[in-house]
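Here's the structure we're looking at; comments come further down.
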Amino acid sequence: MPIFKILLLPCILSYGMQVFHLFPYHLVSYGFPTKIRKLIGTRYFNKGYAAYAGHLNSSFQTARDSEGHGTHTLSTAAGNFVPGANVLGYGNGTAKGGSPHARAAAYKVCWPPINGSNECFDADILAAFDVAISDGVDVLSVSLGGDPAEFSEDAIAIGSFHAVAKGITVVASAGNSGPSAGTVSNVAPWLITVGASTMDRSFSIYVALGNRKHLKGASLSEKTLPAEKFYPLISAADAKIADQSEEDALLCKPGTLDPTKVKGKILVCLRGENGRVDKGHQALLAGAVGMILANDEDSGNEIIADTHVLPAAHISFTDGEAVFSYLNFTKEPMAFLSNVRTELATKPAPFMASFSSRGPNIIEESILKPDITAPGVSVIAAFTQATGPSDAEYDKRRTPFNTQSGTSMSCPHVSGVVGLLKTLHPDWSPAAIRSAIMTTATTRDNNGEPILDSTNTRATPFADGAGHVQPNRAADPGLIYDLTVNDFLNFLCNRGYSKKNIQLFSDKPYTCPKSFSLADFNYPSITVTNLNDSITVTRRVKNVGSPGTYKIHIRAPPGVTVSVAPSILKFQKLGEEKTFKVTFKLAPTAVLTDYVFGMLTWGDGKHFVRSPLAVRHY
Ligand SMILES: *[C@@H]1O[C@H](CO)[C@@H](O)[C@H](O)[C@H]1NC(C)=O
Ligand SMILES: *[C@@H]1O[C@H](CO)[C@@H](O)[C@H](O)[C@H]1NC(C)=O
Ligand SMILES: *[C@@H]1O[C@H](CO)[C@@H](O)[C@H](O)[C@H]1NC(C)=O
Ligand SMILES: *[C@@H]1O[C@H](CO)[C@@H](O)[C@H](O)[C@H]1NC(C)=O
Ligand SMILES: *[C@@H]1O[C@H](CO)[C@@H](O)[C@H](O)[C@H]1NC(C)=O
């Protein structure tokens with residue numbers, strides 16, 4: 001299986017399970033920062049990779065993390081408390097993972113890419129799932145995935161089904177292929193699928209232009225320019241070597257920049273294609289004193305603080321347009337870059353990362369994915385010292401902590417929360433845990449406004465699922481939407497799977513039911529893909545809180561009327577279950593050309609049990 005555009009490693013947490021005895025502790029200090037003191041084992045899986053790559057030398061016979069992804073994700077899920085954690089001096093404070101007292105194990109299944117993209121092989125992924133299950137883990141954090149694929153052809157879907165069938169919760173990244181629609185992957189209904197959003201911490205750098213305009217960018221540049229000193233500013237397109245294209249030069253690709261034009265100036269590069277830090281490296285090689293990295297239109301407001309090798313500011317698309325316009329209309333353009341400042345409680349936050357893969361779910365459109373969003377932009381976590389923070393050959397710096405961005409980083413945030421929930425509620429099923437996380441999520445940012453997309457418009461559930469995770473609320477959701485292993489098997493039956501395909505998932509032969517309605521599949525979100533006139537779906541909730549009377553609150557999607565019966569649910573005891581019906585009716589004059597969204601909330605005054613609604617005309 002090819003993976004997302006970045007290297008990924010699954011890491012797996014274990015709570016209260018036996019300590020592994022297969023791996024001596026020296027592996028821990030050799031391969032991983034000692035910060036992750038609860039790392040109780042590492043394993044590696046390379047037979048699938050070897051079958052393709054040929055002979056593997058000794059550098060492949062180890063779980064050592066040579067490029068940092070596995071260390072970063074694992075410490076986000078389960079890292080211990082570490083005071084004085086910072087990246088090149090920025091963001092200094094006490095770091096910890098989501099489940100700081102968990103014991104963790106790492107299962108390495110990804111290796112250096114061969115011919116571009118072959119790095120994590122299905123055979124190795126499945127072997128890792130099998131071993132993790134028999135090791136007795138409680139949570140699997142899978143920052144790994146390929147393009148969305150039919151479940152019977154998706155190693156993560158198959159491996160995770162076996163884990164979920166044993167009560168192990170599996171959390172997976174939604175992918176980094178956004179913001180295009182229909183890009184979300186890891187869409188099996190037994191997975192928790194996690195998108196990525198920002199947090200309220202910025203590493204800010206200010207750009208002053210000669211026209212007195214000030215712009216706010218993001219950066220983790222170690223080096224800074226002398227205070228208040230302005231330098232000539234040049235667009236990389238105007239700094240091209242004669243025989244290179246303007247497009248390539250504007251992207252600051254290797255070998256496109258003319259040092260005689262760049263020397264001593266601040267270079268403006270466009271985001272896209274080659275790496276963000278590499279653009280700065282090219283600028284530095286050409287003699288630039290600084291770089292302004294401007295977003296393309298798709299990347300919108302998503303600015304990322306990278307450990308640049310020269311003073312550099314990453315700015316939004318709108319701010320980039322202001323810089324280009326200034327360059328176009330100014331004879332001697334000048335600019336200044338400030339020092340980098342760590343800013344806390346920045347607003348608005350969170351908002352969606354543009355790279356986060358978006359719904360709809362193209363494998364099974366009636367299951368809304370992603371399920372949830374969590375922090376995934378400029379996340380500080382532990383890092384390997386086998387490579388520099390930019391993971392580039394030329395980067396000789398070594399940092400025990402690093403910032404990384406991706407749904408690989410948001411996934412272990414949710415895995416950490418799952419660890420805490422498992423401790424509080426050891427009897428909850430993986431579906432119950434997911435329900436608690438989804439129905440208690442927030443769809444508001446720290447301005448009290450709806451969470452925004454990276455384009456400044458309201459984010460839809462295709463970007464943020466049920467919303468941004470709220471761990472404390474997830475501990476006490478009030479009601480849960482549960483699902484059993486048989487529900488998941490029935491779901492596969494409904495896809496027309498043969499006995500043979502079902503056996504990829506089920507250890508025992510399974511007889512498919514005569515009738516099954518996917519509309520009534522007890523998912524915590526509701527998607528109606530073909531509304532014509534009206535449709536009614538059934539859901540079932542279980543009381544996991546105190547006795548209470550829940551009333552329905554409906555925010556109907558525009559052009560659709562939604563009614564719920566009964567509209568009051570009275571629970572007398574713990575574990576009591578009630579069903580209800582939701583009817584969607586197309587308004588007589590409505591013309592729905594695309595999905596419309598709403599929300600359904602059960603509230604007892606204390607708990608608010610929210611389900612996103614997504615409806616499309618047939
Ligand atoms: C990688 O691609 C090259 C050129 O297409 C090919 O010759 C080689 O066999 C490929 N390597 C593997 C391991 O498939
Ligand atoms: C092992 O093989 C890799 C890939 O071919 C190579 O980059 C590396 O230098 C080799 N290491 C050793 C120790 O031989
Ligand atoms: C980080 O904070 C700790 C505790 O306040 C302090 O001792 C340390 O010097 C700080 N490190 C940096 C790089 O600012
Ligand atoms: C600046 O000029 C370039 C080249 O003529 C043009 O492509 C670009 O759209 C202009 N940008 C702005 C913001 O004026
Ligand atoms: C939609 O509903 C109308 C009126 O009930 C019916 O005539 C039509 O055939 C339906 N279309 C589909 C695709 O089901």
Side-chain angles (χ1 to χ4, degrees), residues 1 10 12 17 45 47-48 107 109 120-142 144-146 148-172 185-193 361-369 371 418 422 426-435 480-524 538 540 542 577:
M1 161 185 287
I12 297 168
M17 305 304 301
F45 303 83
K47 291 206 174 93
Y107 297 72
V109 299
C120 323
F121 283 73
D122 283 358
D124 297 327
I125 293 168
L126 283 167
F129 270 108
D130 279 353
V131 171
I133 292 166
S134 77
D135 282 344
V137 303
D138 295 301
V139 186
L140 277 127
S141 189
V142 185
L144 170 74
E150 181 59 46
F151 309 115
S152 55
E153 302 186 349
D154 176 348
I156 292 175
I158 295 169
S160 63
F161 190 101
H162 290 273
V164 168
K166 299 234 161 26
I168 301 165
T169 295
V170 186
V171 187
S185 92
N186 288 330
V187 293
W190 45 89
L191 288 171
I192 304 182
T193 311
N361 167 354
I362 61 164
I363 304 301
E364 179 48 72
E365 209 167 322
S366 60
I367 303 291
L368 180 72
K369 290 284 179 175
D371 293 309
V418 171
K422 281 237 171 194
D427 57 324
W428 283 7
S429 71
I433 287 175
R434 177 179 55 202
S435 175
I480 51 167
Y481 295 80
D482 210 352
L483 284 162
T484 64
V485 178
N486 280 359
D487 289 324
F488 294 133
L489 287 169
N490 293 344
F491 168 86
L492 294 174
C493 292
N494 183 67
R495 295 190 73 69
Y497 276 24
S498 63
K499 263 209 163 70
K500 198 164 143 250
N501 266 349
I502 296 270
Q503 272 171 10
L504 291 170
F505 298 87
S506 177
D507 298 338
K508 292 172 240 119
Y510 185 72
T511 310
C512 287
K514 290 237 155 46
S515 72
F516 171 80
S517 164
L518 189 53
D520 300 338
F521 189 69
N522 203 38
Y523 214 74
T538 305
R540 190 182 67 252
K542 187 194 281 181
E577 294 195 72

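Index from 1, following the sequence. Computation of the quantities below employed the complete heavy-atom set of this structure, encompassing side-chain atoms and omitting hydrogens, waters and symmetry-equivalent molecules.
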For this session: Quick one: do Val485 and Val164 satisfy side chain to side chain contact (heavy atoms under 4.5 Å, CB included)? Show the steps, please.
Result: CA-CA 8 Å; Val485 178; Val164 168; 5.6 Å; no
Exercise. What do the steps show when you test Val142 against Val171 for side chain to side chain contact (heavy atoms under 4.5 Å, CB included), and what is the final call?
Worked result: CA-CA 6 Å; Val142 185; Val171 187; over 6 Å; no
Exercise. Between Ser429 and Asp482, does a side chain to side chain donor-acceptor pair (under 3.5 Å) hold up when you go through it step by step?
Worked result: CA-CA 8 Å; Ser429 71; Asp482 210 352; 2.6 Å; yes
Exercise. Going through the checks in order, is the side chain to side chain contact (heavy atoms under 4.5 Å, CB included) test met by Leu368 and Asn361?
Worked result: CA-CA 6 Å; Leu368 180 72; Asn361 167 354; over 6 Å; no
Problem set entry | side chain to side chain contact (heavy atoms under 4.5 Å, CB included) between Tyr523 and Ile367, worked out | CA-CA 8 Å; Tyr523 214 74; Ile367 303 291; 3.8 Å; yes
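His162 is listed as a side-chain neighbour of Ile133, based on a closest heavy-atom distance under 4.5 Å. Residues Leu483 and Arg434 are in side-chain contact: their nearest non-hydrogen atoms beyond the backbone lie under 4.5 Å apart.
Applying the ring pair (Phe, Tyr, Trp, His ring centres under 6.0 Å) test to Phe491 and every residue at least two apart in sequence or in another chain returns Phe151, Phe521. Residues that satisfy the ring pair (Phe, Tyr, Trp, His ring centres under 6.0 Å) test with Phe505, not counting sequence neighbours, are Phe161, Trp190. Not counting sequence neighbours, Trp428 has no partner by the side chain to side chain donor-acceptor pair (under 3.5 Å) test. Every side chain to side chain contact (heavy atoms under 4.5 Å, CB included) that Leu504 has, sequence neighbours left out, goes to Ser152, Ile158, Asn501. In this structure, Asn522 has no side chain to side chain donor-acceptor pair (under 3.5 Å) partners at least two apart in sequence or on a different chain. For Asp427, the side chain to side chain donor-acceptor pair (under 3.5 Å) test picks out no residue, with sequence neighbours left out. Among residues two or more places apart in sequence or in another chain, the side chain to side chain donor-acceptor pair (under 3.5 Å) test is passed with Arg540 by Glu577.
If you take CG on Asp135 and CD1 on Ile168, they are separated by 9.5 Å, rounding to the nearest 0.5 Å. To the nearest 0.5 Å, atoms CD1 (Ile192) and CG (Leu140) are separated by 11.5 Å. The structure places OG of Ser506 at 9.5 Å from CG of Leu492, a figure rounded to the nearest 0.5 Å. Distance CD1/Ile480 to CD1/Ile433: 9.0 Å, rounded to 0.5 Å.
Every pair passing salt bridge (Lys or Arg N to Asp or Glu O under 4.0 Å) that includes a residue from residues 499-521 is listed here, sequence neighbours excluded: Lys166-Asp507. Applying the side chain to side chain donor-acceptor pair (under 3.5 Å) definition to pairs two or more places apart or across chains, those involving residues 483-495 are Glu150-Arg495, Glu364-Arg495, Thr484-Asp487, Asn490-Tyr510.
Checking side-chain atoms of Ser134 against main-chain N and O of Val131 turns up a donor-acceptor pair under 3.5 Å. The backbone N or O of Val170 sits nowhere less than 3.5 Å from a side-chain atom of Ser160 that would complete a donor-acceptor pair. Here the side chain of Asp371 pairs a donor or acceptor atom with the backbone of Thr193 at under 3.5 angstrom. Checking side-chain atoms of Ser185 against main-chain N and O of Pro148 turns up no donor-acceptor pair under 3.5 Å.
When only modelled atom types and interatomic distance are considered, Thr169 and Asp138 share no side-chain donor-acceptor pair under 3.5 Å.
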